[in-house]
Amino acid sequence: SIRASLQKSSSSALLHRSYSSESAPARKVAVLGAAGGIGQPLALLMKLNPLVSSLSLYDIAGTPGVAADVSHINTRSEVVGYMGDENLGKALEGADVVIIPAGVPRKPGMTRDDLFNINAGIVKALCEGIAKYCPHALVNIISNPVNSTVPIASEVFKKAGTYDEKKLFGVTTLDVVRAKTFYAGKAKVPVAGVNVPVVGGHAGVTILPLFSQATPQANSLSHEEIVALTKRTQDGGTEVVEAKAGKGSATLSMAYAGAIFADACLKGLNGVPDVIECSFVQSNVTELPFFASKVRLGKNGVEEVFGLGSLSDFEKQGLEALLPELKSSIEKGIKFANQS
Ligand code: NAI
């Protein structure tokens with residue numbers, strides 16, 4: 001049916017109003033950091049999503065304007081803006097999915113880890129709010145460094161007694177979006193049909209695209225081209241940071257990626273079968289407690305974490321090389337959450 005096919009294809013369903021919008025269950029989505037560079041276009045894309053019935057836009061500043069603006073769009077959801085700490089509870093109450101793009105972005109010359117000191121505290125405070133006001137929500141963390149902010153969130157939730165490992169996600173979708181685009185360009189195949197799993201984490205060499213598992217397989221690509229595609233995927237964020245020359249990092253492509261991932265979470269909650277995306281989650285795939293790989297999303301959040309599948313020798317080396325950095329970023333987050 002038209003409805004099923006719309007629901008199954010994640011990127012196309014986003015911009016279409018499905019016939020089923022009135023019968024889809026009520027779902028509240030909260031965006032924390034909604035007035036920012038990512039937050040604003042993400043608010044727009046979530047307003048276009050027919051699976052959302054209530055859109056809650058929270059920031060420390062600027063949300064009345066963003067909410068008034070977005071609320072005039074004639075789609076299903078009711079939009080409310082909330083500003084300041086004292087309104088965080090109302091912003092979160094009843095949320096099914098909470099998306100967090102709050103915090104400072106990179107400037108040229110900075111690594112994602114350079115953001116740690118500011119963003120770690122922001123994510124911690126927001127997660128304390130989530131534990132209190134919507135402990136059962138699926139939490140999508142965009143704020144960098146994701147390799148550390150996700151472990152921080154898990155520690156906050158553990159302390160509050162609300163941790164459910166199935167409901168905490170680091171959003172690595174932009175790495176997949178980039179890998180698909182770069183691969184399609186090199187392999188000269190239409191990007192719409194391309195899929196590339198990206199595993200590991202979300203910073204530099206911890207981002208490991210698995211081009212050996214890309215579909216459709218392009219046998220024409222040389223080893224050198226695969227190495228270059230891997231490096232470009234790992235440095236995709238830095239490419240944008242440099243081009244923006246001090247005005248921040250990826251916002252529009254990140255909003256797109258964040259909207260794809262939140263849509264997948266909503267579809268999972270609504271019982272749509274076979275919803276699969278890559279995400280940085282609690283994991284047994286490697287010896288590290290968190291790792292990004294393909295996951296199946298369902299009514300409880302993560303229903304299944306997929307293993308790595310077969311890797312090329314180059315990907316095996318990449319995996320070995322990323323583990324120490326990812327381990328130390330995870331430990332840094334856990335340590336921060338437990339000392340402050
Ligand atoms: P931005 O500076 O344009 O926006 C951040 C927003 O967060 C601002 O509106 C600010 O007022 C708000 N904010 C600050 N403290 C807050 C708090 N305590 N509660 C609620 N809101 C708060 O930054 P941008 O470009 O939107 O980036 C946001 C974050 O997303 C950065 O940490 C960036 O590194 C990260 N990012 C992650 C990506 C990923 O693939 N996961 C890709 C690109 C960026």
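Both ligands and their constituent atoms are indexed starting at 1 by order of listing. Positions are given from 1 along the sequence.
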task: Just grab all the salt bridge (charged side-chain N to carboxylate O under 4.0 Å, His left out) pairs involving residues 178-195, residues at least two apart or on different chains.
output: none

query: Any idea how F336 and F116 line up, ring-wise: parallel (<30°), tilted (30 to 60°), or perpendicular (>60°)?
result: perpendicular

task: For P105, enumerate each residue passing the side chain to side chain contact (heavy atoms under 4.5 Å, CB included) test, keeping only those at least two apart in sequence or located in another chain.
output: S249

- request: State, to 0.1 Å, how close C265 and V97 come at their nearest heavy-atom pair, and which atoms those are.
  value: CB-CG2, 4.3 Å

- request: Below 4.0 Å from any atom of ligand 1, which residues have a heavy atom? Give them in chain and number order, please.
  value: G33, A35, G36, G37, I38, Y58, D59, I60, P101, A102, G103, V104, P105, L115, N119, I122, L126, I142, S143, N144, V146, V171, L174, H202, S249, A250, T251, M254

message: Apply the hydrophobic cluster definition, ILVMFWY joined by side-chain contacts under 4.5 Å directly or through others, and give me every member besides V191.
response: none

field: Greater than 12 external heavy atoms within 6.0 Å of K327's NZ
entry: no

